[in-house]
Amino acid sequence: MHDKTITELAAGLRTKEFSSVELTRYYLDRITRYDKQLNSYVTVCADQALQQAQAADQAIAAGDAVSLTGIPLAQKDIFCTDGVKTSCGSRMLDNFIAPYDAGVVARCNGAGMVMLGKTNMDEFAMGSSNETSYYGSVHNPWDPDAVPGGSSGGSAAAVAARLAPVATGTDTGGSIRQPASLCGITGLKPTYGRVSRYGMIAFASSLDQGGVMARTAEDASLLLNIIAGFDERDSTSAEQPVPDYRTTLEESLAGLKIGLPKEYFAEGLDAGVARVIDSAVDEYRKLGAQVKEISLPNTSLAVPTYYVIAPAECSSNLSRFDGVRFGYRCDNPVDLEDLYKRSRGEGFGAEVKRRIMIGTYALSAGYYDAYYLKAQRLRHLISDDFAKAFEEVDVIMGPTSPTVAFNLGEKSSDPVSMYLSDIYTIAVNLAGLPGMSIPVGFVDQRPVGLQIIGNYFGEARLLNVAHRFQQVTDWHARTPQLKG
Amino acid sequence: MSLEKADIEKIAHLARLGIDPGDVPVYARNLSGILDLVERMERVGTDGVPPMAHPLQMVQRLRVDEVTETNQCDKFQQIAPQVEAGLYLVPKVIE
């Protein structure tokens, strides 16, 4: 059952081959059996999930079902879930029972989906390896010594290990695409503003975007159909019509213009990963696409620019965690300043503190122009690079990550080397463009992801480009061997 | 850019972050490394380039000035560390 896509599972539910309760029990059993070694879930909602599944079965029996009614999913623990702990991977929110549902969660519930639980993540989504989580590292299902990537590492590992048929993620600098790449699944970060940020705990508000982690592009299109769309409670939600992403999956790729940025194949890219990416691009040539080299000249500035803008926004957003209204509070504060400092000092982990401090420094008196304003000007140049490229090509392709999954502990003591592992994904967030990662091969038995970048609100095209590849290859169908 | 112990202490104070004194040298080293990375921004001139605050050129939406939220004080205060009579309690601020 766990090898079925959600497209197949939805058909099985509709034809009464199995019920949603049976399907949910099956996945809950798999989580019990396998998640001890992976640590992909922070919270498993067994009772609530079975209640949702019963309601879904009733809806199906009554003929009230919609496309994904009764399909289980995992929610990244960054999305607020009414009555369920929402930790964001942090000690700060270890005691936080969210009092409302995020927009994404409300849409999934409204569509009759079943929430299996909340997935592990880097603390406040700050990390590329899932090692900054208060709840411990997630292990990569393909190799327990390897990281799953981050920050949506729990969602990626859960989908790869078939402990959830599909999951949500969020992506501020690559946090959907990089773990999707490292775990061998399909991840989609939509255009900024496409998916509501309401109730999605904020890290860097001008970059954060919720999205989908799935087995296949077709599955991703089904979940995106549910979570995409305008939400008046998110002040930067895009008022753009949402197409049915499934209807264009089969379109021909003949004449598709693919741009390969030469900067994405330069020094720093692992030779084995480069070979796998080249053969994936060859597959696209066979599908009728035209491939040309392009240039994104400011690529090397994306990581430095990001590490001003994202920490600046984070230092502002995370100031709300003060030990007063919710979340962690230190014992016996002597005065208000002690309350703030110790609650924050004890509640946040080292990486979060580093980023708050970098952001505070960059925004402090005398440094604002040199850091923040400079970064915003560079952001314009980086965005312009993409605009020029999209005058010539339909999609941009390259590696999602310069290497396959690295080992646990390998980069955790050197923040800068960790930051550089997001070199190909970060610019996409700065520009606000949609991007995907799809599995296209292996190096040393660890998965390699191909990144596909589209123009604004071009999610349908991305899904079409990914789906056609998955019809002629089987990388997305490979499954890791788990020890029970 | 190299940050000293005093810089770290000042930044931590501005951010109201309690830092263990023993960790200050590690933060100084890590943050200096991050600032070295960030200073690569200087390689490209940006005179005349307008700052980009937001990926989509959108105008802030306005809504009708009417009540949309109901009072959920009791629900929200259930998760507060310390409350009394509908108020959030903190250590005494004024003697």
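Throughout, protein chains are lettered first and strands after them, A, B, ... in sequence-line order, and every chain is numbered starting at 1.
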request  = Would you sort out whether A/L420 and B/L37 count as a side chain to side chain contact (heavy atoms under 4.5 Å, CB included), showing the intermediate values?
outcome  = CA-CA 10 Å; A/L420 290 169; B/L37 170 77; 4.1 Å; yes
State, to 0.1 Å, how close [X] and [Y] come at their nearest heavy-atom pair, and which atoms those are.
X: A/P99; Y: B/K75; value: O-NZ, 2.8 Å
X: B/P51; Y: A/R377; value: CD-NH1, 3.6 Å
X: A/L381; Y: B/G45; value: CD1-O, 4.3 Å
X: A/V308; Y: B/M41; value: CG2-CE, 3.8 Å
X: A/I358; Y: B/L31; value: CG1-CD2, 3.7 Å
X: B/P91; Y: A/L339; value: CD-CD2, 3.9 Å

Name the member of [options] that forms the most heavy-atom pairs with chain A at distances under 4.5 Å.
options: B/D36, B/I19, B/L35, B/L14; value: B/L35
options: B/R61, B/H54, B/R40; value: B/R61
options: B/D7, B/D23, B/L17, B/T68; value: B/L17
options: B/L56, B/V26, B/L89, B/I8; value: B/L56
options: B/P81, B/A15, B/G48; value: B/P81
options: B/A80, B/G33, B/P50; value: B/P50

query = How about residues 203-210 of chain A versus chain B: which residues have heavy atoms under 4.5 Å apart?
reply = A/S206
key: Worked check of side chain to side chain contact (heavy atoms under 4.5 Å, CB included) between A/E232 and B/R63   = CA-CA 9 Å; A/E232 63 181 8; B/R63 67 172 178 86; over 6 Å; no
ask   = Is chain A contacted by the side chain of B/E39, its backbone, both, or neither, given a heavy-atom distance below 4.5 Å?
value = side chain
Structural part of B/V93 lying under 4.5 Å from a heavy atom of chain A = side chain
request  = Count the heavy atoms belonging to other residues, nucleotides or ligands that lie under 6.0 Å from NZ of A/K85, then report whether that count exceeds 12.
outcome  = yes
request  = Any pair with a residue in residues 338-353 of chain A that passes salt bridge (charged side-chain N to carboxylate O under 4.0 Å, His left out), sequence neighbours left out, goes on the list, sorted by first then second residue, please.
outcome  = A/E337-A/K341, A/D338-A/R342, A/R342-A/E346, A/E351-A/R354, A/E351-A/R355
ask   = After noting the C-alpha distance and the side-chain angles of A/Y361 and B/I34, does the key distance pass the side chain to side chain contact (heavy atoms under 4.5 Å, CB included) rule?
value = CA-CA 12 Å; A/Y361 180 71; B/I34 297 167; over 6 Å; no
inquiry  = As an exercise: rank A/P333, A/G432, A/S235, A/P415 by heavy-atom pairs under 4.5 Å with chain B and give me the winner.
reply    = A/S235
